[in-house]
Amino acid sequence: MSQTIALSHDIHRDDEGSKIGMWLFIFTELLLFAGLFIVYGVYRYLNPVAFHLAAEELSVTVGTVNTIILLGSSACMAMASSAIRMRNKGMTMLMLATTLFIAFMFLVNKYFEWEGKFHHGLFPGSEDLLKLGQGDTLFYGLYFFMTGLHALHIIVGFILITIVSVRVNNNTLTADNPVLLDNAGLYWHLVDLIWIFLFPLFYLIA
Amino acid sequence: MSNHISETTTHVSFREEKGRYKGIFAWIFSTDHKRIGLLYLYAIVTFFLVGVSLGAAMKLELIAPGKTIMNPEAYNAIFTLHGVIMIFLVVVPGLPAVFGNFFLPIMIGAKDVAFPKLNLLSWWVYMVGAVIALSALFMGGGPPDTGWTFYAPYSFKTNTNMLPAVIGAFVLGFSSILTGINFIVTIHRLRAPGMTWFRLPLFPWTLYGTAWIQILATPIVGITLLMIVGERLFHIGFFDPALGGDPILYQHLFWIYSHPAVYIMILPAMGAISEIIPTFANKSIFGYKAIVISTLAIAFVGYFVWGHHMFTSGMSGTALYTFSFLTFLVAIPSAIKVFNWVGTLHKASIQLEPPFFWAASFLFVFMIGGLSGLALGALATNVHLHDTAFVVAHFHFIVFGGVGFAFMGAIHYWFPKIWGRMYNTKVATRGWIMFFIGFTTLYLPMFFLGIDGMPRRYYDYVDRFHGPNIISTIGSWVMIAGLIIILVNLIRGAKKGPKATKNPWGGKTLEWEVDSPPTLENFEEIPVIKRSPYDYR
């Protein structure tokens, strides 16, 4: 232990430390959403019937498809981490590109889903939603806020993976220093994990 | 004074080191933890002076009943800005960002923090957050007037510039989180060989506890502030009773962060005091492990007491009793620390120097602040004292008296190390006396006003409160006079003071073994630690 510490002083690089830092950051992200989960829990408890009916309006099919493709992208990201260690640049690039493509597909899906809701007047501040009552207002408020914040995380992850891809492509990120790729992967799995919570909360518990 | 004589070496201090950039860019793009610490110091002191001016304006308004110098709207805006600036820009970053950045790596025997670039980013995020928050002053609609707590539903009903203030606070939270992550990883990974956990000095220990609170609590206020933003922009209805939301829920979410934030402020202050007292007592700290464990206990129990801000907001009886009980519980580890500091001073040969005066007066004001906190933590008295001047006096004794005095003590203690020069200790002592007298004259009368029923946040009061308010306002002038003396003395010392030796106070922690000011890399060779940090006698 003390030897690795001494080593990290000399070369100014500490992969283990970077990983710890990333895990701590992921922890804060989970807590960020935890605040919303509390709000969701409180309002679901107060408006059980309205939340039940509102949840039935969401398409389980679209939600399931999005869950599957997001899980797929996480698998690709994990394979990219392995591929870079095997010094297989082509495979790493392919896996990163697939991840990016799938992330993009997720956002396209989300766009159409949101557009449908807007079309039916189910968005915060709309007149139609106010007519439905307070439970529905809160449900859709939470739905847009939480999936919106999640989509924002997808975009951040998208940018992060793009940066990683550029660095893999120009050989500044290789098997000798894969920690940036690993950390981007950890972030991507976090985004995936949050969706795994959002999916049942909004689509399945109906 | 110690016998160490300043060595004339060829070492270049971090202040003179030539980097990639020149002039001001050599500072604002520097990843050296010491320069970043000083960047924070200059920013924080600037914001502090703005906050002090606002506070002085409030006290001036309160010197007589009725309108004195400002109308009620201006008063609302000023107490809000005073709170936002002092809490989010000054005391929350406060000691960790300034002295933590500067001294944490040196005290654990490292050359820098774990993520130097992230450290610089934290400072930039802090500055961006500060600019966003302060831009609320200059845009149409007028400065925010909700109080620093941004309570719902007023925070989304008022027509003033809430958005910049709330978004600014959100961004500042990010800076706080990044600093926290950096410090935790630094303490875990970069301790010098031989520095076991129980050989870690107490200031790093408190930074460690603080960093955990920063990581665990700040995201909650982040999301809460985002919800306020959503509420204002999209009328989502989370906290709007008209749409089914619950304003009390906002208070819960807000205080889940903002009570632990009080410990973000006070823990590093306690750490600094735990460094100053053994040095000036020339004696090893009494009950090192008790201080460490009580630090962690405060960080832990501090999470579960947020409800005591809401005793009159509407909670179940069980919740009231539980929060009140836990509030009493969290006082115990703080009391243990006070006991340890006093125990350290027992039968010690004390050097009477300015840092020690600040530390000793810290004990005094911290005890008053802490014990008055118990009066507020008890359910029956709380109902009487809630939202009165008593509360204002209590938290100024803790936050300004506690954190402010510790900050002053820390800057007088580490001054020779940071600037390599010494200030005039006689003038510093005079400044401290004036500041201390002014401080107590300013805030003590507010306890009595509060018990008598004077509410906080009012620009006006009935005639029978006149006397104590005059005393309090005069106290604010004395305190500011003391502050000016202190600042002028320190600035003069930094520029023209006599050269300081390596170890002018006879401290035993690692920062006293490096040059004053330290070199860029702090240590020629990473030291090997073979003793406790306080082996005086």
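Lettering of chains follows the sequences in order, A, B, ..., and the numbering in each one begins at 1.
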**Request:** With a 4.5 angstrom heavy-atom cut-off, could you sort out which part of A:Leu142 is near chain B: side chain, backbone, both or neither?
**Result:** both

**Message:** Please classify the contact between B:Phe234 and chain A as side chain, backbone, both or neither, with a heavy-atom cut-off of under 4.5 Å.
**Reply:** both

**Complete:** Tested for side-chain contact (heavy atoms from CB on, under 4.5 Å) against A:Leu181, the lone hit among A:Leu173, A:Thr174, A:Leu186 is A:Leu173

**Message:** Does either side chain, that of A:Trp195 or that of A:His150, offer a donor lying less than 3.5 Å from an acceptor on the other one?
**Reply:** no

**Prompt:** What part of A:Phe25 is in contact with chain B, defined as an atom under 4.5 angstrom from a non-hydrogen atom: side chain, backbone, both or neither?
**Reply:** both

**Prompt:** Does one side chain, of A:Trp188 or A:Ser73, offer a donor that lies under 3.5 Å from an acceptor on the other?
**Reply:** yes

**Message:** So for B:Met227, is it side chain, backbone, both, or neither that comes closer than 4.5 Å to the heavy atoms of chain A?
**Reply:** both

**Request:** Measure B:Ala242 against the heavy atoms of chain A and call it side chain, backbone, both or neither at under 4.5 Å.
**Result:** backbone

**Request:** Tell me, out of A:Leu46, A:Leu30, A:Val39, A:Leu149, who's got the most heavy-atom pairs with chain B below 4.5 Å.
**Result:** A:Val39

**Asked** Would you call A:Leu129 and A:Phe123 a side-chain contact if the rule is heavy atoms closer than 4.5 Å?
**Response** no

**Prompt:** Which of the residues A:Gly135, A:Ala34, A:Gly141 is involved in the greatest number of heavy-atom pairs with chain B at under 4.5 angstrom?
**Reply:** A:Gly141

**Asked** Taking the six-membered ring for Trp, are A:Tyr187 and A:His153 parallel (under 30°), tilted (30 to 60°) or perpendicular (over 60°)?
**Response** parallel

**Message:** Looking at B:Trp197, I'd like to know if the NZ or CZ of B:Arg191 sits under 6.0 Å from its six-membered ring centre while staying within 45 degrees of the ring's axis.
**Reply:** yes

**Item:** Lys/Arg-Asp/Glu bridge criterion (N-O < 4.0 Å) met for A:Lys19, A:Glu16
**Value:** no

**Request:** Taking atom OH of A:Tyr111 as the centre, report whether more than 12 heavy atoms of other residues, nucleotides or ligands fall under 6.0 Å from it.
**Result:** no

**Message:** Salt bridge check, A:Asp176 against A:Arg85: does any charged N sit closer than 4.0 Å to a carboxylate O?
**Reply:** no

**Complete:** If one checks every heavy atom of A:Val42 against chain B at 4.5 Å, the contacting part turns out to be side chain

**Asked** Is it the backbone or the side chain of B:Leu216 that comes under 4.5 Å from a heavy atom of chain A, or both, or neither?
**Response** both

**Message:** If you count heavy-atom pairs within less than 4.5 Å of chain A, which of B:Thr218, B:Thr224, B:Leu226 leads?
**Reply:** B:Leu226

**chain A contact via B:Leu243 - which portion, at a heavy-atom distance below 4.5 Å** = both

**Message:** Aromatic contact between A:Phe37 and A:Phe197, with the criterion being ring centroids under 6.0 Å apart: yes or no?
**Reply:** yes

**Asked** What residue, out of B:Val221, B:Ile256, B:Ile215, B:Leu118, has the most heavy-atom pairs lying under 4.5 Å from chain A?
**Response** B:Ile215

**Request:** Below 4.5 Å from any heavy atom of chain A, which atoms of B:Leu249 appear? Answer side chain, backbone, both or neither.
**Result:** side chain

**Message:** Please classify the contact of B:Leu253 with chain A as side chain, backbone, both or neither, using a heavy-atom distance under 4.5 Å.
**Reply:** side chain

**Request:** Counting only heavy atoms closer than 4.5 Å, note whether B:Asp246 contacts chain A via side chain, backbone, both or neither.
**Result:** both

